[in-house]
There are 2 protein chains.
Amino acid sequence: MTRPAKRPTSFDVARAAGVSQTTVSFVLNNRPGQSIPEGTRRRVLEAARSLGYRPHASARALAAGRSDIVLLAVPDLPIGQGISRFVEGLAAALAEHGLTLVTHLAGAHGRPLPDVCAAVGASAVVGFGAFDPDTVQALHHAGADVVIPAHGDQDVAMQSIGHLQAEHLIARGHRRIGYAMPAHTGLVSMAEDRLKGVIQACADAGVDPPLVARTSLDAGSAAQAVTRWTERSITGICAFNDETAIAVLAGMREHGLTAPADLAVVGVDDIPTAGLAAPPLTTISFGIQEVVARRAEAVVAELAGNRFDDARPWLYPEIVQRAST
Amino acid sequence: MTRPAKRPTSFDVARAAGVSQTTVSFVLNNRPGQSIPEGTRRRVLEAARSLGYRPHASARALAAGRSDIVLLAVPDLPIGQGISRFVEGLAAALAEHGLTLVTHLAGAHGRPLPDVCAAVGASAVVGFGAFDPDTVQALHHAGADVVIPAHGDQDVAMQSIGHLQAEHLIARGHRRIGYAMPAHTGLVSMAEDRLKGVIQACADAGVDPPLVARTSLDAGSAAQAVTRWTERSITGICAFNDETAIAVLAGMREHGLTAPADLAVVGVDDIPTAGLAAPPLTTISFGIQEVVARRAEAVVAELAGNRFDDARPWLYPEIVQRAST
DNA sequence: ATGAAAGCGCTAACAA
DNA sequence: TTGTTAGCGCTTTCAT
């Protein structure tokens with residue numbers, strides 16, 4: 001246990017630079033509207049650097065009344081690589097505004113999101129799907145100034161995913177569509193949003209609504225779903241995500257069926273193993289950059305007190321056409 | 001924008017309960033060594049509840065000199081289900097000690113770990129692999145009281161994974177082993193640790209050291225690796241992880257080879273799609289519960305100032321035997 | 001252009 | 001058993 005020589009404070013820096021704490025604060029935050037002579041400024045910066053000074057986050061947050069911490073609430077388990085890219089991108093985008101992103105995994109056993117929010121003193125909370133009003137309430141109560149996305153925005157985006165899947169299948173001549181729901185309970189609400197999009201697309205095209213079957217991530221379970229579909233002459237499947245889609249592919253193998261001849265399958269996420277599946281999986285990928293930029297902007301704007309109103313979509317899904325279709 | 005009526009402070013609670021802030025603090029933290037009459041205690045609790053009081057994290061951290069925030073540094077990309085379970089489990093275990101876990105994704109573009117540590121005021125930082133001494137240093141400097149795992153502990157655990165993979169192959173008669181390294185740079189150091197284990201196992205069994213080939217997550221690249229192996233009569237592959245292993249399987253398919261007859265493959269992680277691969281992938285899974293408990297104990301102990309010394313292993317890897325072997 | 005001083009909300013000696 | 005008091009390290013208003 002090395003108790004590493006007490007951290008230098010802004011006061012230490014002030015003394016070393018021969019100025020006051022105030023000046024140090026001004027310089028380090030390069031506060032607008034102050035004209036600090038280049039000389040002073042450099043002395044402060046130099047002193048800070050040579051002391052290895054780090055502002056104390058809690059103290060700063062306490063005094064300033066807000067932290068620069070943004071909390072990202074990640075839904076339950078089964079997220080793939082896409083999410084990492086999302087998180088990374090968001091972290092980077094926020095970092096450019098001096099904000100720090102940390103992530104909380106939402107699962108059943110961790111503590112509730114508002115507790116975490118309060119515990120880290122986050123001033124903003126970002127989610128994937130929309131937060132329901134109660135949660136928003138609770139988060140504000142826990143000290144969050146801004147909570148994104150608001151209810152409504154995101155659901156539509158989710159639907160657009162399903163819509164795109166079904167559209168693709170329909171465009172390729174499929175008239176009888178199936179939907180592969182994940183068995184995992186944490187996913188159903190998201191899945192239902194996507195399913196709505198599929199239903200809509202079917203309606204738009206004047207084909208029958210999708211036949212929904214639930215499957216977990218094993219070949220046996222998927223094989224049963226496949227049976228249900230083939231019995232009803234379904235020819236194209238929209239799967240909730242790539243993992244589910246890969247399970248469907250495995251289920252088809254059990255029946256000696258192959259994609260896309262017997263059943264065409266479309267996933268969502270474009271996880272790394274999607275392209276490695278047999279046959280390679282057609283899927284939906286996202287323009288992560290846009291999505292990230294969107295979210296980051298929204299956070300920054302609202303944190304600055306400006307209502308963020310932007311008609312652009314929350315998600316930019318696009319088809320990745322591969323052999324399974 | 002509802003600016004929701006300033007949050008109640010501990011002072012408000014004190015007034016409402018007709019006691020002093022001190023008493024409130026004692027009650028709410030149920031500080032040991034204080035005998036607070038049940039009546040007072042309940043009045044305080046009641047007041048706090050009815051005001052919807054939440055302690056202000058920053059203020060508390062500032063005053064107490066330590067936060068109850070633990071920062072988990074997650075390495076780059078390959079987040080599978082295993083990691084989620086790990087995170088969740090750790091969060092739950094820490095929560096029982098009043099600690100809050102948040103996660104930072106390490107990738108290239110986010111801000112450096114020490115910055116995040118400082119920004120959230122974490123008092124402990126937990127990683128998967130060991131932190132190198134410089135990083136440990138930097139983290140302490142950034143305000144972390146404890147950093148886990150220390151260098152050394154974890155490497156050995158990583159090696160044990162590779163060891164187990166190779167052992168399995170050797171036990172099944174393979175004498176010429178290959179190793180599939182991921183191309184992704186963020187992974188190489190972890191991969192090298194695992195590779196060491198493979199090398200060791202080969203040495204232990206008196207077989208040739210493994211032939212290492214690098215592959216990215218596409219069939220073409222993997223096919224090249226497969227060529228290198230088959231040219232040298234390799235019969236069994238230890239892959240860095242399941243994704244890599246699945247790529248190898250795809251690469252084999254390109255050559256018309258099938259596992260395990262032509263080449264046996266063992267992955268690591270037991271990701272959901274591992275069992276859905278064709279053929280289902282033999283892999284290494286972990287006794288997450290043990291690992292989690294281990295880490296959590298270590299954090300709690302060291303945070304309490306007790307050096308954590310425990311000979312038990314850091315990882316509990318075990319083979320999941322499936323058709324690819 | 002810079003500094004003095006008053007807190008931010010909480011904890012923890014120390015008194016009472 | 002409870003209250004008084006002094007900070008924790010920083011920001012920020014108000015003087016200078």
Side-chain angles (χ1 to χ4, degrees), chain A residues 5-44 47-48 51-69 98 118-121 123 142-143 145, chain B residues 5-44 47-48 51-69 98 118-121 123 142-143 145:
Chain A
K6 206 171 68 51
R7 274 213 279 176
T9 74
S10 97
F11 182 81
D12 297 327
V13 175
R15 201 178 25 194
V19 299
S20 77
Q21 271 192 80
T22 310
T23 306
V24 172
S25 176
F26 284 173
V27 169
L28 262 38
N29 303 335
N30 50 79
R31 206 159 184 287
Q34 306 294 322
S35 32
I36 283 138
E38 199 45 34
T40 310
R41 166 187 219 72
R42 243 210 313 284
R43 259 183 308 133
V44 170
L51 288 177
Y53 169 73
R54 294 259 198 185
H56 186 106
S58 306
R60 180 210 281 269
L62 179 56
R66 77 204 138 66
S67 77
D68 50 5
I69 297 179
V120 302
S123 50
D145 290 331
Chain B
K6 208 172 65 53
R7 275 213 280 176
T9 74
S10 98
F11 182 80
D12 298 328
V13 176
R15 199 180 27 195
V19 299
S20 77
Q21 273 191 77
T22 309
T23 305
V24 172
S25 174
F26 284 173
V27 170
L28 262 38
N29 304 333
N30 51 79
R31 205 158 185 289
Q34 305 294 323
S35 30
I36 284 138
E38 199 46 34
T40 310
R41 165 187 219 73
R42 241 209 313 284
R43 258 183 309 131
V44 170
L51 288 177
Y53 169 73
R54 292 260 199 184
H56 186 106
S58 305
R60 179 211 282 270
L62 180 56
R66 76 204 139 66
S67 77
D68 51 6
I69 296 179
V120 301
S123 49
D145 290 332

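Residue numbers start from 1 in every chain, and the chains themselves are labelled A, B, ... in the order their sequence lines are given, proteins ahead of strands. Predicted, not measured: the structure shown is a model, and the values here were computed from it.
Look at B/Thr9 and you won't find any side-chain N or O under 4.0 angstrom from OP1 or OP2 of C/dG9. Within the structure, every side-chain polar atom (N or O) of B/Ser20 is placed at least 4.0 Å from both OP1 and OP2 of D/dT2. Distances shown here put every side-chain N or O of B/Ser25 at or beyond 4.0 Å from the OP1 or OP2 atom of C/dC10.
Residue B/Gly18 is the one, among A/Arg60 and B/Gly18, whose nearest nucleotide of DNA chain D lies closer to the 5' end (criterion: closest heavy atom). Looking at which nucleotide of DNA chain D each of B/Thr22 and A/Ala63 is closest to, the 5′-most match is held by B/Thr22.
Between B/Phe11 atom CZ and C/dT11 atom P the separation is 15 Å, expressed in whole Å. Atom CZ of A/Phe26 is separated from atom P of D/dT12 by 8 Å (rounded to the nearest Å). If you take NE2 of A/His56 and P of D/dT11, they are 11 Å apart, rounded to a whole angstrom. With rounding to whole Å, B/Arg15 atom CZ is found 19 Å from D/dT2 atom C1'. In this entry the distance linking CZ of A/Arg66 with P of D/dT11 reads 9 Å, nearest Å. Computed from coordinates, the A/Leu62 CG to C/dA6 P distance equals 17 Å when rounded to whole Å. When the P atom of D/dC10 is taken as reference, atom CG of A/Asp68 falls 14 Å away, rounded to whole Å. Nucleotide D/dT11 holds its P atom 9 Å from the CD atom of A/Gln21, rounded to whole Å.
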Determine, stepwise, if the pair B/Ile69 / A/Val120 fulfils side-chain contact (heavy atoms from CB on, under 4.5 Å).
CA-CA 7 Å; B/Ile69 296 179; A/Val120 302; 3.7 Å; yes
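Nucleic acid contact class of B/Val24 (heavy atoms, under 4.0 Å, all strands): none. Among the atoms of the strands shown, only primed sugar atoms or phosphate atoms (P, OP1, OP2) are found under 4.0 Å from some heavy atom of B/Thr23. B/Thr40 comes within contact range of the sugar-phosphate backbone alone, with a heavy-atom separation under 4.0 Å but no base atom that close.
Comparing C/dT11, C/dG3, D/dT11 against the side chain of A/Asn29 picks out D/dT11 as the nearest. Taking every side-chain heavy atom of A/Ser10 into account, D/dC10 is the closest of D/dC10, D/dT12, C/dC10.
Using a 4.5 Å heavy-atom cutoff, the side chains of B/Arg43 and B/Val27 are not in contact.
Partner B/Ser10 forms a side chain to side chain donor-acceptor pair (under 3.5 Å) with one of B/Arg60, B/His56, B/Gln21, B/Arg54 and no other, that one being B/Gln21.
Between the side chain of A/Ser67 and the backbone N or O of A/Gly121 there is at least one donor-acceptor pair closer than 3.5 Å.
Residues B/Tyr53 and B/Thr9 share a closest heavy-atom pair of CE1-C, 3.4 Å.
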